[in-house]
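Take a look at the structure below.
Residue numbers count from 1 along this sequence. Excluded from the calculations below are hydrogen atoms, water molecules and symmetry mates; all remaining heavy atoms, backbone and side chain alike, are included. What you see is a predicted model, and the numbers here were worked out from it, not measured in a lab.
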Amino acid sequence: MEKRTFSDFSAIDYEGLHSFLSYCQQQAVTKKHFQLVSISIEVNHIDPLAVLESIYDSETFHFYLERKYEGIAVAGIEHVLKHSVSGEDRFSKIDTYCDEILEHSISIGGENLRFAGPCFYYSFTFEDSLADNSKASTVFVPRWQVSKVNHQYVAVANVVIDSETNIEEATKKIWAAHQKFTDYNYAGFDCSEKHALSDLTEKTQPSDQYETIVKAALEKIKNKEFEKIVLARKRTFLHKGKVPIIPCLSQLREVHPSSYTFSFSYGSNIVFLGSTPERLVDLKEGRLETAAIAGTEKRGMSPTEDAQLAQTLLSRSKDIAEHAFVVKSITEKLASIGIDAELSSRPELLQLSNVQHLITPITADVDKKNGVLDIAGVLHPTAAIAGFPVDVAKQNLSELEDFERGPYSGVVGWRDANGDGLAVVGIRSALIQEGEINLFAGAGIVKDSKPEVEKLETNMKFNALLDVIKAL
């Protein structure tokens, strides 16, 4: 990727922008290939979710992710490039696509700022391929991108320039965006129509067989076919009107500030959203952070009850065993690509608003040959969402579960031009389509699991999102 700089890009004038875009067109002609041009500026205070709301369109692509506790948020809106693939090597195919685009990219402005330059936003389903032959992995480059990292705010405009591009029109559009995002004005946006969800009713389905399939899984564990399996449930709700996507995300980021609230729109009124505690890969400048999360207990109604429940979780053999499988899965997979993991000897507590989990933070130093998608492709799926051994458990899921997971327990996230980025696991989530909301939740089954208890655990996990939706 070619990088060009101005001493102060925020002060560039219209003629300078026009001259720069003309240069990019000359490069496209010379190289006989379009150029992805990425223009970044540091701006005043901006809320990525509010910007997304102000220009939200259910027919266009978007990506949003925020972890309020960490002070990080980003939104990518519309697309200038997109690509979809399927198959076992889909992570590497998407990564290769990103690298190929970067070979024909020119980036300017935002030097040394996180989220400056071109970013790629992706969604991977749990399955490598889908039954309806639709693509299992999608990546796109947004037309507009806004981000905040603590008190640093960045706006990015991306445009594809080729020999046919009208440079005058492109200059006008980017110049207008430059002026708009420098000091964003939220006044005048009427978002009331987005609060239009009505008549939410659960779809009539055959009797819930979850306890039955848990019993079947326990029999397989008894027969030593595998040691752990994560069994999911799906609940489908019908509705009228539009699902208020932005208000839902706004509530989720407030209710679950330590989780990653996310949304990935595939266009055509299809949105996958949720608030997940599970970070698969966070890679920045050679430092990897991930975590093993498994083992669940409810939160208490008082400090004493909460402490008692936490103490029980930390000492309960069933949860400790379930958690250990996840730690083993992650560390072994990292070791398979030469990454030596650092971790504590015992799990800690991850306390969310409605549940608490066992968590073991895992860190490592990573060389440049492994980017965020390389590592995510190796780690996914972990024992936290499939079972242990992972491959054997995954093979049994299609037999035991009566639905295709799709994006649930898949991976959503972003990568930048350096290969750094973030990948989170799409749990505590919903797939929203025209007239239908599909909610998902799962629980880890080990030899000491009790079917009725596991079903109650999935109910708690459903409520993390269902309570928010019902309150809209």
Side-chain angles (χ1 to χ4, degrees), residues 1-28 34-57 60-65 73-82 98 101-102 104-121 139-149 152-162 164-186 189 265 414-417:
M1 180 179 72
E2 179 182 347
K3 291 186 178 181
R4 295 177 66 84
T5 61
F6 283 97
S7 58
D8 181 7
F9 186 74
S10 63
I12 188 175
D13 59 16
Y14 184 91
E15 288 72 22
L17 178 60
H18 188 283
S19 175
F20 168 65
L21 294 180
S22 296
Y23 162 80
C24 294
Q25 187 170 56
Q26 292 170 7
Q27 292 296 101
F34 70 77
Q35 299 294 296
L36 170 63
V37 181
S38 185
I39 302 170
S40 306
I41 56 171
E42 187 170 7
V43 298
N44 297 325
H45 175 273
I46 204 165
D47 180 350
L49 186 59
V51 174
L52 176 59
E53 181 176 39
S54 69
I55 54 177
Y56 179 78
D57 182 346
T60 63
F61 275 65
H62 80 244
F63 174 89
Y64 162 76
L65 185 141
V74 63
I77 306 161
E78 301 179 15
H79 76 277
V80 295
L81 294 168
K82 63 185 176 77
C98 296
I101 294 300
L102 289 169
H104 303 284
S105 298
I106 301 172
S107 178
I108 189 168
E111 289 296 302
N112 303 315
L113 295 176
R114 197 173 189 190
F115 290 112
C119 277
F120 300 84
Y121 297 101
V139 64
F140 76 96
V141 178
R143 186 179 306 279
W144 314 113
Q145 176 184 302
V146 288
S147 64
K148 58 172 285 189
V149 180
Q152 185 182 83
Y153 308 90
V154 176
V156 180
N158 294 306
V159 61
V160 171
I161 301 289
D162 61 21
E164 302 299 318
T165 300
N166 185 316
I167 296 301
E168 188 64 40
E169 289 185 3
T171 304
K172 288 179 180 178
K173 191 168 186 178
I174 294 173
W175 180 252
H178 178 280
Q179 300 299 104
K180 179 178 180 179
F181 285 112
T182 298
D183 196 2
Y184 202 79
N185 182 7
Y186 300 99
F189 296 114
S265 170
W414 59 273
R415 70 150 280 187
D416 65 14

For Ala155 and Val43 the tightest heavy-atom approach is CB-CG1, 4.0 Å
Polar side-chain atom of Ser265 near backbone of Thr60 as donor-acceptor pair, under 3.5 Å: yes
Answer whether the closest heavy-atom distance between the side chains of Leu36 and Ile106 falls below 4.5 Å. no
Angle class for the Trp414/Phe115 ring planes (parallel below 30°, perpendicular above 60°, tilted otherwise)? tilted
Between Gly76 and Tyr121, what is the shortest heavy-atom contact and its length? CA-CE1, 4.3 Å
Do Val160 and Val37 come within less than 4.5 Å of each other through their side chains, counting heavy atoms only? no
Using side chain to side chain contact (heavy atoms under 4.5 Å, CB included) as the criterion, list what pairs up with Ala177, not counting sequence neighbours. Trp144, Phe181
Ignoring hydrogens and angles, tell me if any N or O in the side chain of Ser38 forms a donor-acceptor pair with the backbone of Asn158 under 3.5 Å. no
Where the side chain of Ser19 meets the backbone of Glu15, is there a donor-acceptor pair that is under 3.5 Å apart? no
Mark yes when over 12 heavy atoms from residues, nucleotides or ligands other than Glu164 sit less than 6.0 Å from its CD; otherwise mark no. no
Quick one: side chain to side chain contact (heavy atoms under 4.5 Å, CB included) partners of Gln152, sequence neighbours excluded? Glu42, Leu113
Phe20 side chain near Ile108 side chain, heavy-atom distance below 4.5 Å: yes
Below 4.5 Å, heavy atoms only, C-beta onward: do Val141 and Phe120 meet side chain to side chain? yes
Between Asp416 and Cys119 (side chain of the first, backbone of the second, donor and acceptor by atom type, cut-off under 3.5 Å), is there such a pair? no
Between Thr171 and Leu17, what is the shortest heavy-atom contact and its length? O-CD2, 3.8 Å
By side chain to side chain contact (heavy atoms under 4.5 Å, CB included), Arg143 pairs with (sequence neighbours left out) Glu78, Val80, Lys173
Sub-3.5 Å donor-acceptor pair from the side chain of Gln25 to the main-chain atoms of Asp162, do we have one? yes
For a side-chain contact (heavy atoms from CB on, under 4.5 Å) with Tyr153, tell me which candidate from Ile41, Ile46, Asn44, Val146 qualifies. Ile46
Do Phe61 and His79 have their ring centres less than 6.0 Å from each other? yes
